[in-house]
Amino acid sequence: MNRTERVEQILETFNKDNFKTQLIDWFKKEQRILPWRENQDPYRVWVSEIMLQQTRVDTVIPYFNHFLSKFPTPEALAEAEEQEVLKAWEGLGYYSRARNLQNAVREVVEQYGGKVPDNPEELGKLKGVGPYTKGAILSIAYDTPEPAVDGNVMRVLSRILHIEDDIAKQSTRKLFEDLVRELISEEDPSSFNQGLMELGAMICTPKTPSCMLCPVQSECRAFDEGVETELPIKSSKKKQKKSPYLLLLVKNETGDLLIEQRPSEGLLASLWQFPMVPMKDLDMEAAKHWFYGEYGLKVEFDEGVDQIKHVFSHLIWEMEVIPAKVVEGTLDYERATFVHPDEVVDYPFPVSHQKAFKHINL
DNA sequence: CAACCGTGGTA
DNA sequence: TTACCAAGGTT
């Protein structure tokens, strides 16, 4: 059975009109007041959707307000320094979102005169704009009936329609997109899509859904069968691998601090950090030798002042924070520099290194 | 497809 | 504490 036939079978006995009417009525009445809902400005919608990827609403709100005051238009963002954009993103995580957003906005300014594209083809070519974000912008900013399937939508529809496909698999998203194309309101696709997401965030939550408050309870197959907490099906991800490091707070003779910029691709790309010595298979003496080889500086270590764990999606850094001072040598490392401790705040740092920096003033 | 890519909240 | 979760995208 192909996907089209499956969609037809799933929806054969489903009351579409009742579902979309009750969902939209509920959303219009109960939706939260959020900064990005003040208007339909496509740029604002776009920025909000990027920030909201894998990130909670409460976390995004202050970042969104600050970002929009700093970069109020596509032109303003296009003209900004990348470091300035990363600084505004500092602490939000997934930093490629920020670089991709700025690259895409520059593309919009240059190719489309600063107007965010209103069609799937051009929108989908922009960096960082995937299937979900594309549909979200088209429906919310341009009232176009395109699916915007995120984790909320898959959870809600898994329950409503009792679908047991693994939502961790990418192919499953396409099934839900096909279903949404059949269900979506042509009159108000924005409220329909946002209603599905809002329902997932406020009522149809992962652990303990509030089915007694649900506006579409009467259409929910999972509730009818008493299996709402068994859905959706999602395969578990594997554990992160741990890596030990020394995080060195190196001061020179004048009290300046050694910092370095990370590579422009990969983990925490283009952010700044304090030097880190990979301690797998190394002791403290070997660490000093390693550091001399990398940076051209001989240093003395103080006692460790803290242990910091940095948990990523797929790995964990276990760092011992070591104050150190330069004994001899000249800095010989292109991406590193000494700065006054007061200037460290001007650079974008990952959260773990911000924590380590607190030990500088002790 | 599965790995990579951050961070903070919560049970 | 562990494990999962939160308006995904890229490679």
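Quick note on labels: first sequence line is chain A, next is B, and so on, each numbered from 1.
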N-O pairing of [X] and [Y] below 4.0 Å:
| X | Y | answer |
| --- | --- | --- |
| A:Asp188 | A:Lys28 | yes |
| A:Arg221 | A:Glu225 | no |
| A:Glu146 | A:Arg181 | yes |
| A:Lys127 | A:Glu107 | no |
| A:Lys174 | A:Glu177 | no |
| A:Glu198 | A:Arg32 | yes |

Legend entry - Test log, rule side chain to side chain donor-acceptor pair (under 3.5 Å), inputs A:Asn100 and A:Arg97: CA-CA 5 Å; A:Asn100 287 337; A:Arg97 292 184 296 175; over 6 Å; no

Rounding to an integer number of Å, can you tell me how far [X] [atom1] sits from [N] [atom2]?
| X | N | atom1 | atom2 | value |
| --- | --- | --- | --- | --- |
| A:Leu175 | B:dC1 | CG | C1' | 17 Å |
| A:Phe312 | C:dC4 | CZ | P | 20 Å |
| A:Ile308 | B:dG6 | CD1 | P | 18 Å |
| A:Ile316 | B:dC5 | CD1 | P | 15 Å |
| A:Glu198 | C:dA7 | CD | P | 10 Å |
| A:Lys239 | C:dT2 | NZ | P | 7 Å |
| A:Ile233 | C:dC4 | CD1 | C1' | 16 Å |
| A:Ile61 | C:dA7 | CD1 | C1' | 13 Å |

Inset, instruction - Could you tell me whether the side chains of A:Gln53 and A:Tyr132 share a donor-acceptor contact shorter than 3.5 Å? - result: no

Inset, instruction - Classify the side-chain pair A:Asp165/A:Thr172 by whether it contains a donor and acceptor separated by less than 3.5 Å. - result: no

Legend entry - Pairwise C1' distance for C:dC5 and B:dG6, with rounding to whole Å: 14 Å

Inset, instruction - Provide the distance between the two P atoms, one in B:dA11 and one in C:dA7, to the nearest whole Å. - result: 15 Å

Legend entry - Nearest atoms (heavy-atom pairs only) where A:Pro35 meets A:Ile61: CG-CG2, 4.0 Å

By nearest atom, which of the nucleotides [options] is closest to the [X] side chain?
| X | options | answer |
| --- | --- | --- |
| A:Lys238 | B:dG9, B:dA3, B:dT7 | B:dA3 |
| A:Lys207 | B:dA11, C:dA7, B:dC5 | B:dA11 |
| A:Ser236 | B:dC1, C:dC4, C:dA7 | C:dC4 |
| A:Lys234 | C:dC5, B:dG6, B:dC1 | C:dC5 |

Inset, instruction - Output the residues of residues 344-353 of chain A in contact with DNA chain B, where contact means a heavy atom of the residue under 4.0 Å from an atom of the strand; sort by number or write none. - result: A:Pro350, A:Val351

Inset, instruction - For the pair A:Phe349 and A:Phe274, name the ring-plane relationship: parallel under 30°, tilted 30 to 60°, perpendicular over 60°. - result: tilted

Inset, instruction - Determine the sole option in A:Arg3, A:Arg173, A:Arg6 for which the salt bridge (Lys or Arg N to Asp or Glu O under 4.0 Å) test with A:Asp178 is passed. - result: A:Arg3

Inset, instruction - Classify the nucleic acid contact of A:Val311 as base, sugar-phosphate or nothing, counting any heavy atom under 4.0 Å across all strands shown. - result: base

Inset, instruction - Report which part of the nucleic acid A:Arg155 touches: base, sugar-phosphate, or nothing (heavy-atom distance under 4.0 Å, all strands). - result: sugar-phosphate

Side-chain N or O of [X] closer than 4.0 Å to phosphate OP1/OP2 of [N]:
| X | N | value |
| --- | --- | --- |
| A:His314 | B:dC5 | yes |
| A:Lys237 | C:dA3 | no |
| A:His310 | B:dG6 | no |

Legend entry - Strand-adjacent residues in residues 26-49 of chain A, judged by heavy atoms under 4.0 Å from DNA chain C: A:Arg32, A:Leu34, A:Trp36, A:Arg37, A:Glu49

Inset, instruction - Using a cut-off of strictly less than 4.0 Å between a heavy atom of the residue and any atom of DNA chain C, enumerate the qualifying residues of residues 84-93 of chain A by number. - result: none

Between side-chain atoms of residues 310-328 of chain A and protein atoms elsewhere (two or more places apart, or another chain), which donor-acceptor pairs fall under 3.5 Å?
| from | atom 1 | to | atom 2 | distance (Å) |
| --- | --- | --- | --- | --- |
| A:His310 | ND1 | A:Ser352 | OG | 2.5 |
| A:Ser313 | OG | A:Tyr94 | OH | 3.2 |

Inset, instruction - Would you mind telling me which residue lines up with the more 5' stretch of DNA chain C, A:Lys309 or A:Met197, judged by nearest nucleotide? - result: A:Lys309

Between the protein and nucleotides 8-11 of chain C, which nitrogen or oxygen pairs are less than 3.5 angstrom apart?
| from | atom 1 | to | atom 2 | distance (Å) |
| --- | --- | --- | --- | --- |
| C:dG8 | OP1 | A:Gly151 | N | 3.4 |
| C:dG8 | OP2 | A:Gln54 | N | 2.6 |
| C:dG8 | OP2 | A:Gln54 | NE2 | 3.1 |
| C:dG9 | OP1 | A:Gly130 | N | 3.0 |
| C:dG9 | OP1 | A:Gly130 | O | 3.4 |
| C:dG9 | OP1 | A:Thr133 | N | 3.0 |
| C:dG9 | OP1 | A:Thr133 | OG1 | 2.7 |
| C:dG9 | OP2 | A:Tyr132 | N | 3.4 |
| C:dT10 | OP1 | A:Gly128 | N | 2.6 |
| C:dT10 | O4 | A:Gln170 | NE2 | 3.2 |

Legend entry - Those residues that, when tested against A:Lys70, pass salt bridge (Lys or Arg N to Asp or Glu O under 4.0 Å) (two or more places apart): A:Glu84

Inset, instruction - Dump the intermediate steps for ring-ring contact (aromatic ring centres under 6.0 Å, His included) on A:Tyr63 and A:Phe67, then the final yes or no. - result: CA-CA 6 Å; A:Tyr63 281 92; A:Phe67 197 92; 9.4 Å; no

